[in-house]
Amino acid sequence: MNAPPAGATAAAVAPPAPPQPAEVAELARLHARAQGIDGRVLDRVVTAAATEGWSAVWARHGDRHRAAGRPLLACRHHALARWPYPADPTADRSATAVVDAFDAWRRRVGGIGRLVLELPGGRVAAWTAGLDPARPRPLVLVMGGIVSVKEQWAPFLRAARRLGAAVVVTELPSVGENTVRYGPGATDLVPQLLDRLGPQAARGGVHVVGLSFGGHLALAAARHDPRISSVLTVGAPVHALFADPAVWAALPRTTTATLEHLTGTRGGDTPALLASMALGPAELADVRIPVRYVASRRDEIVPRSEWELLVRVLPDLRWVEFDDVHGAPAHLTDTRLWLVGHLLRLCGDRRATALDLALALRGHAGRTGRTGPPTDPANGRTR
């Protein structure tokens with residue numbers, strides 16, 4: 001289930017130096033919260049992991065939930081056991097257990113399909129909901145970042161019918177079951193997926209929800225693929241993270257070690273390989289579709305200059321900025337409401353107004369803004 005990226009071998013490249021356990025635990029909090037894992041449980045696991053090991057403690061919790069007939073909870077705990085990437089036999093076993101537990105859950109609830117597609121660079125698996133060639137709907141293609149497995153999107157798949165959309169959830173190259181190598185060629189993934197899904201799937205428009213590095217791939221694909229109607233993202237890097245050595249040097253070791261793992265490179269070879277993936281003003285000028293971006297003021301991975309570049313260049317950008325770290329873990333509900341509201345609006349669904357009201361009633365603390373035609377009275381930053 002979790003084979004090395006295409007072209008990588010254990011003998012060819014030494015394993016990356018592991019990040020510090022304390023840093024792993026801190027950065028994992030976003031993913032634990034997003035999966036509905038109680039903060040007290042996370043604290044207990046982090047304490048136990050200091051002596052027993054991160055993967056071992058989370059895997060034990062996952063095994064207990066699976067034995068008790070709670071496959072979705074088992075999936076969520078095993079997802080953290082393999083986080084940020086499978087670096088030992090226990091984590092590798094959990095990477096397989098994530099898929100198996102999710103498969104058991106989706107068979108129980110029904111309405112969720114599975115696709116395994118052979119692409120030029122490798123094999124890609126996806127979970128689907130609402131795909132019906134006889135009844136084209138707007139297609140929402142979902143892709144996480146460098147540490148996110150597709151099984152984390154269970155609630156979104158269950159919500160496909162209420163969204164009035166078809167949903168396909170997959171993974172970034174080299175993550176989870178995706179054996180395509182992450183690197184410069186990875187920017188072909190989204191168009192290749194749409195090719196394999198067929199023209200009927202894209203007839204109602206394609207809206208790509210790409211988180212973090214998944215958002216970068218979506219923006220790269222949107223430059224040339226007219227099937228993509230919009231991109232919605234949280235904390236996507238676009239230029240500086242790939243092209244600026246100072247930004248790379250300041251990244252958490254968890255991030256650089258994960259990118260080394262995904263690319264099969266080490267040391268200075270990793271930023272050198274990724275530099276060609278940077279999207280500067282000239283490349284971003286080709287992105288003419290609506291883009292919706294959630295930014296974090298204290299993002300420790302994606303510098304503020306990334307989305308400020310989008311503000312300067314993109315013709316149709318709406319953004320919200322939270323006083324938070326990468327992924328806005330303290331503002332998950334606001335982020336979800338904001339993104340789903342914009343997704344509904346882009347799909348022509350009037351229910352977006354209700355989500356606007358919900359956000360207003362919550363009094364979310366995000367600072368919002370937009371770009372648009374010069375005649376747009378709201379052009380520029382607004383509150």
Side-chain angles (χ1 to χ4, degrees), residues 72 75 99 102-119 123-144 149-172 176-178 188-211 214-215 217-219 221-222 224-233 288-292 316 318 336-356 358:
L72 190 56
C75 174
V99 180
F102 188 93
D103 194 44
W105 171 79
R106 65 106 184 181
R107 291 178 186 276
R108 177 185 298 178
V109 301
I112 297 174
R114 177 173 167 83
L115 284 177
V116 178
L117 305 173
E118 297 290 343
L119 301 184
R123 178 180 295 116
V124 178
W127 302 113
T128 70
L131 277 180
D132 183 356
R135 187 185 174 191
R137 301 177 174 91
L139 174 63
V140 181
L141 177 61
V142 183
M143 183 184 302
V149 292
K150 62 190 178 302
E151 290 74 23
Q152 295 178 204
W153 292 88
F156 203 79
L157 286 159
R158 292 294 305 276
R161 180 174 297 179
R162 294 193 297 276
L163 287 171
V167 175
V168 174
V169 179
T170 189
E171 289 150 325
L172 202 75
E177 293 188 275
N178 190 332
D188 295 330
L189 180 70
V190 172
Q192 289 173 355
L193 277 171
L194 295 179
D195 289 344
R196 290 300 309 276
L197 290 171
Q200 287 294 102
R203 274 184 56 193
V206 179
H207 306 274
V208 185
V209 178
L211 303 191
L217 289 195
L219 288 167
H224 304 301
D225 196 323
R227 294 170 295 189
I228 300 175
S229 305
S230 70
V231 172
L232 301 95
T233 185
R288 313 303 297 173
I289 59 173
V291 175
R292 304 296 178 256
D316 187 356
R318 303 291 183 272
R336 287 167 175 165
L337 287 171
W338 193 86
L339 286 174
V340 173
H342 277 286
L343 179 60
L344 289 173
R345 185 172 289 107
L346 290 164
C347 291
D349 194 315
R350 294 180 180 178
R351 290 175 296 171
T353 303
L355 288 183
D356 290 342

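Here the shortest heavy-atom pairing between G176 and V149 reads CA-CG1, 4.4 Å. Heavy atoms only, all atoms of each residue included: T170 and L193 are closest at CG2-CD1, 3.8 Å. The heavy-atom pair separating R318 from W338 by the smallest distance is O-CH2, 3.4 Å. When all heavy atoms of I228 and A218 are compared, the pair lying nearest together is CD1-O, 4.4 Å. Nearest approach of P290 to L346, heavy atoms of both residues: CB-CD2, 3.7 Å.
The list of side chain to side chain donor-acceptor pair (under 3.5 Å) pairs with a residue in residues 152-163, not counting sequence neighbours, is empty.
Looking only at side-chain heavy atoms (C-beta outward), R227 and P199 stay at 4.5 Å or farther from each other. Between R106 and L72 there is no side-chain heavy-atom pair separated by less than 4.5 Å.
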Table please: side-chain donor-acceptor pairs of residues 123-139 below 3.5 Å, with sequence neighbours left out.
unit_1 : atom_1 : unit_2 : atom_2 : d
R123   : NE     : E118   : OE2    : 2.7
R123   : NH2    : E118   : OE2    : 2.9
W127   : NE1    : E151   : OE2    : 2.9
D132   : OD1    : A134   : N      : 3.1
R137   : NH1    : G130   : O      : 2.9

I'd like a table of donor-acceptor pairs (distance under 3.5 Å, sequence neighbours excluded) in which one partner is a side-chain atom from residues 201-210, with atom names and distances.
unit_1 : atom_1 : unit_2 : atom_2 : d
R203   : NH1    : Q200   : OE1    : 3.4
H207   : ND1    : S230   : OG     : 2.6

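For the atom pair L189 CG and E171 CD, the distance stands at 10.5 Å (nearest 0.5 Å). Here the CG-CZ distance, from D103 to R114, works out to 6.5 Å after rounding to the nearest 0.5 Å. Atom CZ in F156 sits 5.0 Å away from atom CG in L163 (nearest 0.5 Å). Between the CG atom in D195 and the CG atom in L119 there is a gap of 9.0 Å [rounded to 0.5 Å]. Residue D225 holds its CG atom at 9.0 Å from CD1 of I289, rounded to the nearest 0.5 Å. Put simply, CG on L115 and CG on L197 are 6.5 Å apart, with the number rounded to the nearest 0.5 Å.
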